[in-house]
Amino acid sequence: MIKKFFDWLKQPLGLIAAGIVFLAVFSAFAYWLYTTQQAPAQPVPGFPHKTHVAFGIQCLYCHPGASKGPAAGIPSQSKCWGCHNQIVKTRDSALLAPLKDAVLNGESLVWVPVAIVPDFVQFNHRAHIAAGKNCEDCHGDVSQMGIYQNPQVFNMGWCLNCHVETAGEDQELLIKLSDCGTCHY
Amino acid sequence: MIRPEEIKMSEEETGKWGMVINQDLCTGCQACVAACAMENNISFVGEVDSGYGRSMHWIRIERFWEGEYPEVKMTPQQPMLCQQCGHANCEPVCPAYATVHSQAEKLNLQVYNRCVGTRYCANNCPYQVRAFNWRDYKRPEPLPNQLNPDVTVRRMGVMEKCTFCIQRIHKAQDVAKSEGREVYDGEFTTACAQACPANAIVFGRVDHPESLVSQLARKGHGIKHLEELGTYPQITYFKEG
């Protein structure tokens, strides 16, 4: 039975069939790999960061936690609606229907965090802002983005490079910034 | 980068954070054990694995019996936790550099994402205070809601131990820095010291001579456990006076 199958595969028709199967599996894998590299779907599809930045809204207006504590925070729908409610064009826009529904029904918009670190990394925004880092140093040029996408992979080598550069010749700061316990506990 | 050969380990080097435990005040109520488990997301092992000696606590209350029956006498309760040794026996044996000495905070660190679970450090610890995650112990709902977000939730195959609540140290330092001052003595404390109803555990800076721990450590005849091994423990114990 198996020998018959292999004999059939060796014919031209069998080779073509094997090629088609291989291509199908390969392209399915390639598509799966592609989907893992895409920004996740957000509750408001196509949320335009660039429009908000173009209106002159500061990062810290919507993400105020960045200067105060570990998490920058994602604005509540009441903060969004506070502005959008007063602009006729956005109040009745179909694009903002998810926001309007959430506000009227008293539900929350569940945004999907994109700039994340693993659980074993303890990151604090405040210390980085206080050290003079700007948002775009890590998060890229958000003024050109729609839905946020990480400009680079947030891994330890990338973090540590900046820590060592920041410390420079200051040995005490270098000990603090290259200490395992500064981020992992 | 700091290379291992550049790290100076002089004998008289003092630690940064330390503790004083008064065994005369300790009633053995286990409040510190419970507080530690809550603060540091310690798994609930259950009775089956505990029977195999796999219970996970970062602090435990030890007690011993003296004399022969019927003349037995119990020794004072003795809270035992990681002594944050200056010369820690666990550190040089780790093949993955997962347990390293923090040069900034002078603590023994356990880096969970580096740990590969050889358990060599636990076998080498003379105080037997390290706990190994033998399984991924499930937390039934709604217990995951009480997890401390500042502490990593450890997974199976990872060693863990007392960190002197390093998340509280970092938080206090962060608050102090944002207000442009130093961390003052008693501004924060570890979960075990905070929970202790008898104030038997006192935590603070041992390198500041005027801090409460330093003053208490100077008073009387405190002992450091297994000091003869040259581990330079950071916890001073007092009993009987």
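The model shown is predicted, which means the values in this text are computed figures rather than measured ones. Naming: A, B, ... by sequence-line order, numbering from 1 per chain.
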Say you draw a straight line from NE2 of His101(B) to SG of Cys180(A); how long is it, rounded to the nearest 0.5 Å? 12.0 Å
With rounding to the nearest 0.5 Å, note down the distance linking OG1 in Thr182(A) to CD in Gln173(B). 9.0 Å
Which atoms of Arg114(B) are under 4.5 Å from chain A, going by heavy atoms: the side chain, the backbone, both sets, or neither? side chain
More than 12 heavy atoms of other residues, nucleotides or ligands under 6.0 Å from CZ of Phe154(A): yes or no? yes
For Met38(B), look at atom CE and say whether over 12 heavy atoms of other residues, nucleotides or ligands are found less than 6.0 Å away. yes
Where does Val100(B) contact chain A at under 4.5 Å (heavy atoms): side chain, backbone, both or neither? side chain
Between Val121(A) and Asn113(B), does a side chain to side chain contact (heavy atoms under 4.5 Å, CB included) hold up when you go through it step by step? CA-CA 9 Å; Val121(A) 180; Asn113(B) 45 321; 5.7 Å; no
So with a 6.0 Å cut-off around CZ of Arg155(B), is the heavy-atom count from everything else above 12? no
Run the side chain to side chain contact (heavy atoms under 4.5 Å, CB included) check on Lys176(A) and Glu105(B) step by step: do they pass? CA-CA 8 Å; Lys176(A) 176 76 184 159; Glu105(B) 302 299 335; 3.2 Å; yes
In terms of heavy-atom contacts, does CD of Gln58(A) have more than 12 from other residues, nucleotides or ligands at under 6.0 Å? no
Ignoring hydrogens, what is the shortest heavy-atom contact between Asp150(B) and Tyr185(A)? Give both atom names and the distance. O-CE1, 3.4 Å
Which pair of non-hydrogen atoms, one from Asp179(A) and one from Ala104(B), has the smallest distance, and what is that distance? OD1-N, 3.7 Å
In terms of heavy-atom contacts, does CD of Glu187(B) have more than 12 from other residues, nucleotides or ligands at under 6.0 Å? yes
Any pair with a residue in residues 138-148 of chain B that passes side-chain hydrogen bond (donor to acceptor under 3.5 Å, both in side chains), sequence neighbours left out, goes on the list, sorted by first then second residue, please. Glu39(B)-Asn148(B)
With no hydrogens and no angle check, is any side-chain donor or acceptor of Asp174(B) less than 3.5 Å from a backbone partner on Ala127(A)? no
Among all residues two or more places apart in sequence or in another chain, which pass the ring-ring contact (aromatic ring centres under 6.0 Å, His included) test with His125(A)? Phe123(A)
Contacting moiety of Thr163(B), where chain A heavy atoms sit under 4.5 Å: neither
Tell me whether His170(B) contacts the main-chain N or O of Gly181(A) through its side chain, where contact means a donor paired with an acceptor under 3.5 Å. yes
Does OH belonging to Tyr61(A) count more than 12 external heavy atoms closer than 6.0 Å? no
Nearest heavy atoms of Val151(B) and Gln122(A), plus distance in Å: C-NE2, 3.9 Å
